[in-house]
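What follows is a short report on a single structure.
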Amino acid sequence: MDFCIAQFSYFGNNLGMTLMLTNPSSSSAVDWQTSQSLARQLVQAIALPVDLKSRPLHHFESGRTLVKTGDVVARLPFVMSGRLNAVVHISGTQSGQIVPIAFGSGEIALLSFLFNRLPSGSDLVASQASAIQWIPIDEVESALLNDPQLMAVLVRFLGLRLREGQVRERAASARSVLTRLSASLSRILAVLPARPDARLLIHATHEQLASSCGVSRPKASLALKKMERDGIVLLGRKWIEVLDATALRTLSA
């Protein structure tokens, strides 16, 4: 039986990412806007020295893997359109995955691989039809080394993105068990393969879902039973069927 497990996680190898803050504080909202501005500055400043305009455009259909776990990242994708997800596989489970983090249009993805040659800790997958331009990582590094001001922008950008991740982690830990569990289930649905019968079946135990949300199994079971009473899910042995995806997403907001 296949297991599809999701959890909130922020990966050290994927700091150059889009984070959607839920009910951010005023300071975190300012940080997010500032990091978005810095991201645009980075792209604009790097575009000329790496000759971004003349680089070929590559099109990828939804579901296509651009970078595999364990690959050494030698080039960075600039997302012209579409969306790329970082998908982390959980060892010890069959087809288990951590919910992806998205890189959106206008971003250079995987910026934290600059100045290191660490293997990728995740797959990079097109979550929708996407168009990208590849930029050799050594050319980006050369541009940064030749421009101290640009390097300073990169450091500020990565620092702010790390802070955004910390803010979101704190917000997630403060949410109720029901909200965290419904958010985890919603994230699983986002990467769940379509079935011929159109049923939304998630193969996972209560213990696995509890672990993915950072809560105890009894608390997760109580929350799941409440969702079942409300007609949102149907519980089975090692599986959960989502009956009302809209209501589930509303709970996770």
Side-chain angles (χ1 to χ4, degrees), residues 6-46 66-67 69-79 83-90 97-125 127 132 135 137-138 140-141 143-145 147-175 179-180 183-184 187 190 212-214 252:
Q7 67 184 26
F8 296 106
S9 183
Y10 299 93
F11 319 122
N13 284 346
N14 290 315
L15 290 174
M17 60 195 174
T18 298
L19 295 178
M20 300 305 293
L21 298 177
T22 302
N23 298 323
S25 64
S26 58
S27 61
S28 63
V30 170
D31 286 345
W32 182 79
Q33 292 170 357
T34 302
S35 70
Q36 288 290 297
S37 175
L38 289 172
R40 290 191 293 270
Q41 289 180 39
L42 278 171
V43 172
Q44 292 170 358
I46 290 174
L66 285 69
V67 176
T69 301
D71 286 352
V72 174
V73 178
R75 53 185 185 170
L76 304 178
F78 171 63
V79 185
R83 205 164 185 81
L84 307 180
N85 288 338
V87 182
V88 174
H89 300 278
I90 303 174
Q97 295 180 344
I98 291 177
V99 173
I101 290 175
F103 299 91
S105 177
E107 285 192 275
I108 298 176
L110 307 178
L111 283 169
S112 64
F113 284 101
L114 288 165
F115 301 104
N116 69 71
R117 294 297 182 264
L118 295 174
S120 176
S122 63
D123 292 348
L124 189 65
V125 182
S127 62
I132 72 160
I135 311 172
I137 198 167
D138 57 351
V140 179
E141 291 172 348
L144 290 164
L145 290 171
D147 189 338
Q149 291 184 337
L150 182 57
M151 181 72 81
V153 173
L154 174 67
V155 172
R156 284 191 62 207
F157 170 77
L158 293 178
L160 285 171
R161 283 295 168 93
L162 177 59
R163 180 175 174 181
E164 289 162 10
Q166 293 170 337
V167 168
R168 184 167 177 174
E169 291 282 6
R170 288 195 295 269
S173 64
R175 292 186 294 180
T179 301
R180 292 162 69 179
S184 184
R187 297 284 185 98
S212 75
C213 299
S252 67

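Note that CG of L42 and CE of M151 are 11.0 Å apart. Values are rounded to the nearest 0.5 Å. Taken to the nearest 0.5 Å, the CG atom of L154 stands 5.5 Å off from the CG atom of L144. The distance from atom CG of L111 to atom CD1 of I46, rounded to the nearest 0.5 Å, is 7.0 Å.
Between the side chain of D123 and the backbone N or O of V125, no donor-acceptor pair lies under 3.5 Å. Looking only at distances, no side-chain donor or acceptor of D71 sits under 3.5 Å from a matching main-chain atom of V73. The main-chain N or O of N85 is never found under 3.5 Å from a side-chain atom of S127 such that the two would form a donor-acceptor pair.
Closest approach of S120 and F113 over heavy atoms only: CA-CZ, 3.8 Å. Closest non-hydrogen pair, T69 versus S122, comes out as OG1-C, 3.3 Å. The minimum heavy-atom distance between I132 and V79, with the atom names listed, is CG2-CA, 4.3 Å. E141 and N116 get closest at one heavy-atom pair: OE2-N, 4.3 Å.
Here the rule is side chain to side chain contact (heavy atoms under 4.5 Å, CB included) with F115, and of L145, V140, I137 only L145 fits it.
Taking 4.5 Å as the limit, some side-chain heavy atom of L124 sits within range of a side-chain heavy atom of F103.
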